[in-house]
Amino acid sequence: MKYLDEYRQSDGIQKIAAEIHRITTSPWTLMEVCGGQTHAIVRNRLDQLLPKELELVHGPGCPVCVTPLEMLDRAIAVARLPEVIFCSFGDMLRVPGSEHDLLTVKAAGGDIRIVYSPLQAVQIAEQNPTKEIVFFAVGFETTAAANAMAASLAKTKALGNFSMLVSQFLVTPAIESICSAPDSRVQGFLAAGHVCSITGYERYLPLAEKYRIPIVITGFEPLDILEGILMCVDQLEQGACQVQNQYRRAVERVGNRQAQDLIQSVFRISTQHWRGVGSIPQSGLSFNDEFASLDATVKFDINNIKTTERHDCMSGDIMLGHKKPKDCPHFGKECRPEQPLGAPMVSSEGACSAYYRYSQQERSNEHPVPATLKN
Amino acid sequence: MCLGVPGLIEDIIGNSPLERTGKVRFGGIAREINLSLVPDAQVGDYVIVHVGIAISQIKEAEAEQVFHYLEALEVPENRRDDEVPR
Ligand code: SF4
């Protein structure tokens, strides 16, 4: 398919990988912020194409992984109610809550429906006027636009039976918090392309300057990621600290204004708790007053559910770039996709699931890269 | 959930506010996609779609850029390193 296949062509990948080898003279640590990029890197074994001086660490960009435990427990509590049809993206269903997961509720007869778009949940609300429809609205800025659209549509259609359990995250404050941490190893960022399609990248300019760190807005195909790495390393080798846009075909400096306006009309910025990471000021979105009636935590009085986090999952260390999944003592043992201890093993964007799914596969015949480039 | 994939707009079906809708093809599959956030996108354009909503229209000239760059990397064997365009 156009704009997909051509960005996967192996000869282009080889050329960029060779160029990265040519220009790299020092050890550098880069963070790919988005879990989708982590999966693309591990699936295509792009990390093996890089010079050994170059390390990629994974960022906090998996919304399923960072959704706080109390939100999962709230979701489970609402999904159990007989009058509720609970709608969620598929990969939230197996994320462990305090005691159960949503899949357990579904197996016990709860009406939980997997949707691929929040707009489907709005449709389900229209089709089931005698039921309460609750959508589990998790995600970053990209998904916030879709969630804002679902909320606006539900309000326009006066759907009194639709509400949302909102767990939304803003990426820039998380990057800032990583930059400002004294123990951060990250020297350059590959920022998440699709988040920036919505937000643009002006907000990264002061960050790059303040922390003297290159930030490259990067897409998701192998060629995108390698080109993003090349641009980032090139800056580091030259002592530059600019914001560059590798994903020019989909991202503009100012972003998508329609989407920004829509998000602003529905949500306000709030403090957000990131599972494994902690609270980050101004890093989340909650309903503003005008849309407060769509807040499922108020509608079903589940705001006060308190939970205690188990401490056997080290997802926070992994999402802040301190550790790799294989450093976790549970990886591939007690914690596997079919029996996960933490969200990063469940999510289609989780770093642990990426390592588990792809890194053990022997596909040497399929590797797009000549042996001379491998370390 | 966060991986947006590009698709080709084959038809515009609805045009009301918040519900501008099109038939968008992703390889062998066509799906109904909300196009409200890409008001300029028309039939024949490629869009990036995320959770059922088009979030960005692909700019073709920019999409070709990386391939021009790759062509430029194809330099003669006896090139000097400092001649390589970056
Ligand atoms: S392997 Fe499992 S327990 Fe370890 S960090 Fe990953 S999700 Fe958590």
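In what follows, every heavy atom counts, from backbone to side chain, and hydrogens, waters and symmetry copies are set aside. Treat the numbers as computed from the prediction; the structure is a model and nothing was measured. Chain letters run A, B, ... following the sequence lines, proteins first, then strands; residues in each count from 1.
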Non-hydrogen side-chain atoms of A:F220 and B:I48 separated by less than 4.5 Å: no
Residues of residues 32-40 of chain B within contact distance of chain A, non-hydrogen under 4.5 Å: B:E32, B:N34, B:S36, B:L37, B:P39
Approximate separation, where rounding is to 0.5 Å, of B:Q57 CD and A:R249 CZ: 14.0 Å
Shortest non-hydrogen contact between A:R248 and B:K59, atoms and distance: O-CE, 3.3 Å
Closest non-hydrogen atom pair, A:T143 against B:H50: OG1-NE2, 2.9 Å
Part of A:S347 lying under 4.5 Å from any heavy atom of chain B: neither
Smallest separation among heavy atoms of A:S117 and B:V51, with atom names: OG-O, 2.8 Å
Toward chain B, the part of A:V115 with a non-hydrogen atom under 4.5 Å: neither
Rounded distance (nearest 0.5 Å) linking atom CD of A:E252 with atom OG of B:S56: 7.0 Å
Which atoms of B:I55 approach chain A - backbone, side chain, both or neither, heavy atom under 4.5 Å: both
A:Y116 and B:R31, any side-chain heavy atoms less than 4.5 Å apart: yes
Contacting region of A:L119 [heavy-atom separation from chain B under 4.5 Å]: side chain
Which atoms of B:E19 approach chain A - backbone, side chain, both or neither, heavy atom under 4.5 Å: side chain
Contact winner vs chain B - A:I16, A:D261, A:L153, heavy-atom pairs under 4.5 Å: A:L153
